[in-house]
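Have a look at the structure below before the remarks.
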There are 2 protein chains.
Amino acid sequence: MHTCTDAFDCFVSRVLPKRTGPETVRLFRTLGSHVHLKADRQLHYPDDEPTLVFLCDGATKLVAHASDHREQVLAFHFTGDLLTLPAHGAHSYTLEALVECDLMTFPYAQFLQAAEKHQQVLTQLLERSTVSLQRSREKTLTLGRKSALERVSSFLLSMAERIGRGEGSEVKLDLPMSRRDIADSLGLTIETVSRQFTLLRDQGLIRTQGRSGVTLLRVDELDRRAGHLRVAA
Amino acid sequence: MHTCTDAFDCFVSRVLPKRTGPETVRLFRTLGSHVHLKADRQLHYPDDEPTLVFLCDGATKLVAHASDHREQVLAFHFTGDLLTLPAHGAHSYTLEALVECDLMTFPYAQFLQAAEKHQQVLTQLLERSTVSLQRSREKTLTLGRKSALERVSSFLLSMAERIGRGEGSEVKLDLPMSRRDIADSLGLTIETVSRQFTLLRDQGLIRTQGRSGVTLLRVDELDRRAGHLRVAA
DNA sequence: GGTGCTCCTTGATCTGGATCAATGAGATAC
DNA sequence: GTATCTCATTGATCCAGATCAAGGAGCACC
């Protein structure tokens, strides 16, 4: 759907304001690095300073590592997303490619400095950061107070919004992440996730095709299963 | 520790750059509203547009409401914090005072417009929003992958960082929130929270005084209980 | 088009934290 | 000081989801 001849050009057209001067574009070019990641590879980045990443093409997961070998997926990202990788604090973080990816990385502090003269870039950073925060808050509610079925339903609806292809009343999804990734994102085990998929399939709310294909047949019912307010009726 | 003769002045000195012109200060004054909240009262704000809140003095909780009567505390805030209240989406949100509070509220969109000419304000908004996101991500890990004991230990350490008073190797806390609030923040029940407090007390890691007083006696051991990486040694 | 692997599904059992049910202890009002 | 009410603690039981344990299905590579 979206192709870029060059990763940096893609960044420019998606993030920088239309009428950015060529000298500014050059400045950002010197700061950024183009990285190509094969599926399952993780981005290496300095762990003492935050990094800004623009995902030109592909899908990634941001993973937090607890002390032992437990992992929590904090967020999934798709083509066009801009994200900030935190410096490692009490826990460590990695960004891992779900499929083959093209991304641009920038040292956060330097990027911010370069953006200071361009409030549209700052505004956009702020806006995207707010969206991330909003998603993270929804996830907090999901992990803190929802049952396994509600979590999986919420997940499917959220993916439908981000990468779904509507076809009539149905929504088709091609999930780039494994059941393990979904489980690690929802604070469940793969077995439990699998059982909820089976449940939803048996209730006629979804159809599955192979490992990654999912069709949402009854979005309204899924909304109800997810415990969303808006479907009070 | 921190007192303001006037809420708006407090906002000016804590958020706006030092050398902001008087006409700009006046502009922000026309946008903001001063609100005084008694303990347990919630802030009323329009549910169709986001609101920016500066907490001049006091402590608040941001609560997400799931469809039925389950509640999830998304974040606690203390004097000096700047936060964005999301417009209501799939779930609804409320900001509630834990103690008597003074705050300044601004319509988010208008505030942003006013801040456009002042990149220092934008930068600060971005910075604070990044801190919120970082906290929210830590919470995600906590809710998704940690045991009850780890959650309570993490909570105490996080509170120690934000409102703790160090006294030698000990840290004293005066928690403004109830056990219910803590439970709702950690995705647990009050009974479970209480049991973890008892456990930590029996192990000699904390001491409690009344309902709200907590002294952390062994921060290093708490770090270990919380499953933090940095205390590998 | 098989062969081998990895990932997913399904079933049986176990358990951490929820739920249910009394006390007990702080705070507030009188 | 004491009555009262709310909030916190402690104990007994229960259950959703984890863990353990096989199969089965999709997919890549030869």
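Since the model is a prediction, treat every value here as computed from it, not as a measurement.
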*Which residue pairs pass the salt bridge (charged side-chain N to carboxylate O under 4.0 Å, His left out) test when at least one of the two sits in residues 166-179 of chain A, sequence neighbours left out?*
A:Glu170-A:Arg207

*Could you give all pairs that pass the salt bridge (charged side-chain N to carboxylate O under 4.0 Å, His left out) test and reach residues 130-157 of chain B, with sequence neighbours left out?*
A:Arg70-B:Glu150, A:Asp184-B:Arg145

Nucleotide [N], atom [atom2] - distance to [atom1] of [X] in whole Å:
{"X": "B:Glu191", "N": "D:dA8", "atom1": "CD", "atom2": "P", "answer": "11 Å"}
{"X": "B:Leu188", "N": "D:dT9", "atom1": "CG", "atom2": "P", "answer": "14 Å"}
{"X": "B:Leu175", "N": "D:dA8", "atom1": "CG", "atom2": "P", "answer": "10 Å"}
{"X": "A:Glu150", "N": "D:dA16", "atom1": "CD", "atom2": "C1'", "answer": "12 Å"}

*Would you please confirm or rule out a distance under 4.0 Å between OP1 or OP2 of D:dT9 and any side-chain N or O of B:Arg179?*
yes

Looking at residues at least two apart in the chain, or sitting in another chain, which of them share a ring pair (Phe, Tyr, Trp, His ring centres under 6.0 Å) with [X]?
{"X": "A:Phe155", "value": "none"}
{"X": "A:Phe197", "value": "none"}
{"X": "B:Phe54", "value": "B:Phe11"}
{"X": "B:Tyr108", "value": "none"}

*asked:* Quick check for you: to the nearest 0.5 Å, what is the distance between A:Leu62 atom CG and A:Gln72 atom CD?
replied: 10.5 Å

*Hey, does A:Ile190 reach any base, or is it just sugar-phosphate, or nothing, if we go heavy atoms under 4.0 Å?*
nothing

*Answer with base, sugar-phosphate or nothing: what part of the nucleic acid does A:Gly187 contact at a heavy-atom distance below 4.0 Å?*
sugar-phosphate

*Within residues 192-205 of chain A, find the residues that approach DNA chain D with a heavy atom at under 4.0 Å, and present them sorted by residue number.*
A:Thr192, A:Arg195

*asked:* Below 4.0 Å from chain A heavy atoms, what is the first contacting nucleotide of DNA chain C and what is the last?
replied: C:dT6 to C:dA12

*A:Ser158: what forms a side-chain hydrogen bond (donor to acceptor under 3.5 Å, both in side chains) with it, not counting sequence neighbours?*
none

_Any residue meeting side chain to side chain contact (heavy atoms under 4.5 Å, CB included) with B:Val12, in chain and number order, not counting sequence neighbours_ = B:Phe8, B:Leu16, B:Val25

_According to salt bridge (Lys or Arg N to Asp or Glu O under 4.0 Å), who are the partners of A:Arg128, at least two apart in sequence or on a separate chain?_
none

*Pair B:Thr192-B:Thr189, side-chain hydrogen bond (donor to acceptor under 3.5 Å, both in side chains): steps then yes or no*: CA-CA 5 Å; B:Thr192 299; B:Thr189 57; 3.1 Å; yes

Enumerate the protein-to-nucleotides 23-30 of chain D contacts in which both atoms are nitrogen or oxygen and the separation is below 3.5 Å.
{"from": "D:dG26", "atom 1": "N3", "to": "A:Arg211", "atom 2": "NH2", "distance (Å)": "3.3"}

